[in-house]
4 protein chains.
Amino acid sequence: MFSSHADYRKLEDRARRVLDPGVFDFYAGGSGDETTLAANEAAWGRISLRPHVLRDVSGVDIRTRVLGQELAGPVCVAPVGYQTLAHPEGELVTARGARRAGALLTVSSRSSRRIEDVAAEAGPWWFQAYVLRDRGLTRELVCRAAAAGATALTLTGDTPYLGRRRRDRDPGLIPDEIFRVNLGDGFDRALAEQASDVTYDDIAWLREVSGLPVVVKGVLRGDDARECAAAGASGVWVSNHGGRQLDGAVATAEALPEVAAAVGDLVEVYADGGVRTGVDVLRALALGARAVFVGRPVLWCLATGGEDGVAAGLAELSEGLAHAMGLAGVTVIAEITGGLCHPAAGRNNVEG
Amino acid sequence: MFSSHADYRKLEDRARRVLDPGVFDFYAGGSGDETTLAANEAAWGRISLRPHVLRDVSGVDIRTRVLGQELAGPVCVAPVGYQTLAHPEGELVTARGARRAGALLTVSSRSSRRIEDVAAEAGPWWFQAYVLRDRGLTRELVCRAAAAGATALTLTGDTPYLGRRRRDRDPGLIPDEIFRVNLGDGFDRALAEQASDVTYDDIAWLREVSGLPVVVKGVLRGDDARECAAAGASGVWVSNHGGRQLDGAVATAEALPEVAAAVGDLVEVYADGGVRTGVDVLRALALGARAVFVGRPVLWCLATGGEDGVAAGLAELSEGLAHAMGLAGVTVIAEITGGLCHPAAGRNNVEG
Amino acid sequence: MFSSHADYRKLEDRARRVLDPGVFDFYAGGSGDETTLAANEAAWGRISLRPHVLRDVSGVDIRTRVLGQELAGPVCVAPVGYQTLAHPEGELVTARGARRAGALLTVSSRSSRRIEDVAAEAGPWWFQAYVLRDRGLTRELVCRAAAAGATALTLTGDTPYLGRRRRDRDPGLIPDEIFRVNLGDGFDRALAEQASDVTYDDIAWLREVSGLPVVVKGVLRGDDARECAAAGASGVWVSNHGGRQLDGAVATAEALPEVAAAVGDLVEVYADGGVRTGVDVLRALALGARAVFVGRPVLWCLATGGEDGVAAGLAELSEGLAHAMGLAGVTVIAEITGGLCHPAAGRNNVEG
Amino acid sequence: MFSSHADYRKLEDRARRVLDPGVFDFYAGGSGDETTLAANEAAWGRISLRPHVLRDVSGVDIRTRVLGQELAGPVCVAPVGYQTLAHPEGELVTARGARRAGALLTVSSRSSRRIEDVAAEAGPWWFQAYVLRDRGLTRELVCRAAAAGATALTLTGDTPYLGRRRRDRDPGLIPDEIFRVNLGDGFDRALAEQASDVTYDDIAWLREVSGLPVVVKGVLRGDDARECAAAGASGVWVSNHGGRQLDGAVATAEALPEVAAAVGDLVEVYADGGVRTGVDVLRALALGARAVFVGRPVLWCLATGGEDGVAAGLAELSEGLAHAMGLAGVTVIAEITGGLCHPAAGRNNVEG
């Protein structure tokens, strides 16, 4: 399903046909002229690979450890909100598919199913947290997630407010009953919006109230990554929110080497954005990511194939990674280093 | 209206429909093959941004000071001549719209409304001066501007004569009565053409006769910028006249870093050319501009929406800037530095 | 026939018309999104040449020595499997055409005619070996090749298993009787598949069992090339398997300078991938190749013109090389050096 | 006529309509895939210009000296053979047009009018010489040229034989009576073909037999340029024969800076290839050329407008140069230096 970008385009087209146009555009779209959205996909393709020959690749093993947790592989599920728009059972189905594929799941703050219900279906999972205008609500949500078994929090750091997304035509796309699934009934909806005054100090606060390690999502700079580490984060997640926040922001494939170089072994580094094939996953690992998250591909699988679709899509990506590793002459994740990338890949790095 | 280049294209198309084709082409066109015209827009898009995460951006403030004058924001109106071709009341309407948006206005020497009448409608404004063949007339115009309240003169330095603009099909496009609005009735029209022997010495002369600070517009090189400073200019304005003079001239986004580096704090630096969105404004500020001027966008707003259009268009650009600043993690203009640009942006710099 | 890429496209189109669509796609296709397939051709075109003037080029001589063997020229035939799919007599015809053109031939392990029968028609030839799951079979094949007169073995190092080729629609394209031509009748087909545990140690083993020098095909990195030399290889062949293995792998024209620089005079260097004209051959020699192999062009000649087609196509490439050498001001192969390439050609090198 | 590439394309289209298709293609075509032909035009466009502001450009003077001879400007006519194919009076008309425009003319060895007759119509002119297989004939031709008033010889150094030009469909395009115009009647036509053993030694020989300074045409490398100087040349002419010899050869705009840097003040440097506008001429001068030669544009003028066309076309290019100089802030040829080019222009230089 994901052995080529051409196949991904077909999957996306199938999703376009089964989804309500407004819903499809809500998920598929980016901000502004969608230049960052397009740049994400294109940037991986510019990274040529330097495969090895004559290595014994009869046993390729993609297992890895993320925040100390052993995972079947580095392909993980990015947080996507309001999944009942795409499938009647929404996040429950994605959780089941991810569990079958052995993929780490991230559950969104904007889940349209109750956190506890999703958790009941999930394998290993993280909770994606916004710091909301109401800090009490924020605390409640992350504590519920911790209680339900989340092993880490992902603090989204790039969304003090939403980017301007031209394809979001319908302000009422997210009905109140979906928005409120994880809120109390009488809760003032505005207080559940993202706060615009979130800072590095909130890393320690979230860690303290939840007892969970915190990963900052949306990091695109080495200096910010180091600040996250200094403020107590356990990981940084290179992301531009799938091209949905600042249009013009650097592609994640271009930001990743700088971030990885900046933090070294201080904290773990992950990435998302435009990853469509196992070869793209290999590129991201080679540029310094320990795990790679996919959002839209999983959503299109959910919309077109339900649980089986999600499981198969994730398995395909993992198999594509293993296949590409063998062809590149590496057999375990630890052997995937920057030397697999042709130097042109580094030409846009800060250090380059 | 300007949150994306796609929206700008729509605005331009609306203007094309309401304007006489010859008038539209007069404003839209550039010189030669219009390569510089196209390069201006494209060059901003090549500058990837490096937003910060986890900054308190609950209060974004775009106020700035230009030549000591406090402005509501750095988005300003570039000089555009003969605006009655685009709207019956021409510059008067633009002045009202700019004042409502709190935007610094530049009034063209080629204004088709009397300088004093425009001034009466304007908020803060500068007068764009050509040194004309008749220096007496030049002196008269700049003195009238000073008397009418202009706070600075912009000396256009890139136009010893007009570029060759293929879309200017009709040599009689500018009727005598429009050309003469700010001249005496019996004045020899040829003497009101730009002089081709203008030099750095004219900076001091204009300053002396008008009593106003002088900004040189059209600067594309660091050495010229330093010469302007040495000759008494208070600012340099990076511009290629909207691609209307030397076709093949460097895009302003590519020239701006060199100019900014060359002058340091000696004089202020501004820029125009192909700026279409708040993100473009952010890029220009990051590359060293203190203020950013827009011409064609304002004209299309004038033609399609009159005073409301101008006010709304300028407000939209300012809001777009504030929005982009928040997403980039900066809250005041002073925090916008070159570090917001991905290094690839600098690859064409003289120093790079 | 090959004096331009346009002519090559016409030849390919003729082949498309005479071949079964599944067979055409099997040969024409690459893996994944076929980005490496496309990159191979494009990369040669980016290498500008710096011809000399005023050299006596009245006698251009393209003779060369490869592994000590004098050849009529550096244009050689790459291994292509199952050629009876393209012509009833398959490899026999290619062998005759190559012999007429004086071109070194590589006979594939996947030959659809018996090795000995092909050898009987061939001029100088090499045997392309996979190390198969059954090492005994591997030994038998290379010994048969040596006995039949092969002067070297080419060990394909980039194929622990096949790449994912979207155009290979029909898993039954290669019928059992074609697959088995060089196997015993009762042989378990699976054991004749490539082994995925082939290592540098197999170089010495193949050399020992066959008594022939070994060339490693598929090398794309300088470090691997040095390892091949250290392990006893006599040559390294820069190849990405015609874009059929790891999609995303670097184009051969981009990898060649690194490999050539890494091995210096230790071992010989060859290249294939996207070479379509005599000028492309000249570029490959300038970047460090001693010989250049062509696969698809020969196959299209076979399909459209049989023996005459193959002989004419190879002759045309050699004449194109000689023609280009004269225009570049060089008369013998030894004069072709990196200085013939414009520096931009090196901009993607590891050392660059 | 030449103030933009768009205008040039229109001129070319008019020529296509009035000329026999085979004749048009003979002139318009290049060798191989015509990549060098296309690269020539494109390369000038990549050179951004850095105009000065505030210079007194009321008097722009394009006069220059070439080999000690004062010329009205640096725009010159490149040698084009067999011009009676394009106009009944052929070279006579071109000579008259060039004289009216004050442009230095180069008369081709392949002139279809007698050298002496062309000379009678010409202003300042050079003779383009091939060293032919018959050295006696070569000597005779250059001596006739010297006697008829040529002030220099241009030795074409890039044509030991013709490139492979796919558009040259008709081997009989040049009839015997045209080919023989400057030969004796009984002369063996093959002996009048270019020799392929021409070397730097022929520079001194031509100089000696003709008594004229010798310029080598076709130089694309700094080392060759220095060898030309050492061998007694008075100038080197950067050219790839309009993309008609080695396809893949570097664009002249990319080779020019290297050649100019290599020879310094030893010899003069000229350039041709894809120059279409006055801005292109300015770029070539900025990159180090003392004079710029145009071929196809003049031929299209000849075909579509005869003497008036040639005169007007050349005047337009010179006026375009003067116009561009003024807009760039320079008033005499000597002020045109490499600093007018944006650094990106130098990114492909050998030294860069």
Side-chain angles (χ1 to χ4, degrees), chain A residues 1-10 41-60 253 275-284 286-287 316-317 319-331 337-347 352, chain C residues 30-36 39 43 131 133 155-166 195-203 216-225 227-228 231 233 236-241 244-251 254-255 258-259 347-352:
Chain A
M1 202 176 289
F2 298 103
S3 58
S4 69
H5 285 248
D7 287 342
Y8 174 75
R9 287 276 97 82
K10 286 183 199 163
E41 279 199 23
W44 299 113
R46 282 198 299 275
I47 295 167
S48 297
L49 291 166
R50 303 169 66 236
H52 286 287
V53 286
L54 296 180
R55 302 290 172 99
D56 177 351
V57 297
S58 50
V60 172
V275 171
R276 301 293 176 250
T277 66
V279 173
D280 288 343
V281 176
L282 177 62
R283 287 165 165 139
L287 295 180
E316 175 63 28
L317 271 175
E319 287 160 22
L321 169 63
H323 184 89
M325 285 172 64
L327 294 184
V330 293
T331 55
T337 65
L340 278 184
C341 299
H342 201 257
R347 72 178 161 225
Chain C
S31 57
D33 286 295
E34 302 191 339
T35 57
T36 295
V131 173
R133 293 186 192 162
L155 170 60
T156 295
D158 61 11
T159 312
Y161 40 76
L162 295 186
R164 294 177 172 188
R165 303 170 192 169
R166 292 165 50 234
S196 57
D197 62 351
V198 189
T199 68
Y200 293 102
D201 294 341
D202 290 296
I203 296 171
V216 179
K217 176 167 173 282
V219 175
L220 291 170
R221 310 170 50 121
D223 50 3
D224 279 14
E227 281 210 60
C228 288
V236 291
W237 178 329
V238 175
S239 175
N240 50 37
H241 215 117
R244 294 161 80 84
Q245 290 296 105
L246 180 64
D247 191 42
V250 63
E254 293 182 349
E258 173 191 336
V259 170
R347 72 180 160 223
N348 290 328
N349 295 356
V350 162
E351 286 76 22

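All values below come from the heavy atoms of this structure, side chains included, with hydrogens, waters and symmetry mates left out. So that the names make sense, note that chain A is the first sequence line, chain B the second, and so on, each numbered from 1.
Classification of A:R9 and C:D33 as a salt-bridged pair fails, no side-chain N sitting under 4.0 Å from a carboxylate O.
From A:M325, atom CE reaches atom CG of C:L246 across 12.0 Å, with rounding to the nearest 0.5 Å. Going from atom CG of C:D247 over to atom OG1 of A:T277 covers 8.0 Å, rounded to the nearest 0.5 Å. Atom OG1 of A:T331 is separated from atom CG of C:D197 by 12.0 Å, given to the nearest 0.5 angstrom. Distance check, rounded to the nearest 0.5 Å: CG of A:L327 to CG of C:N240 gives 11.5 Å. Note: A:S48 OG to C:E254 CD = 5.5 Å, rounded to the nearest 0.5 Å.
Using a 4.5 Å cut-off between heavy atoms, C:T199 contacts chain A through both its backbone and its side chain. Looking at C:E34, there are no atoms closer than 4.5 Å to chain A (heavy atoms on both sides), in backbone or side chain. Residue contact with chain C, scored on non-hydrogen atoms closer than 4.5 Å, involves the backbone and the side chain of A:V57 alike. Of the atoms belonging to C:V131, not a single heavy atom falls under 4.5 Å from chain A. Proximity to chain A (any heavy atom under 4.5 Å) is restricted, for C:D224, to the side chain, taken from C-beta onward.
Across every non-hydrogen atom of A:G326 and C:P160, the tightest pair is O-CG, 3.8 Å. Shown here for C:L220 and A:P51, the closest heavy-atom pair between the two residues is CD1-CG, 3.6 Å. Residues A:S4 and C:G32 approach most closely at CB-C, 3.9 Å, considering heavy atoms.
The greatest number of non-hydrogen atom pairs below 4.5 Å with chain C, out of A:L49, A:L54, A:L340, is found for A:L54. Looking only at heavy-atom pairs under 4.5 Å with chain C, the residue among A:R55, A:H52, A:R283 that has the most is A:H52.
With hydrogens and angles disregarded, no donor-acceptor distance shorter than 3.5 Å links the side chain of A:R50 to the backbone of C:R221.
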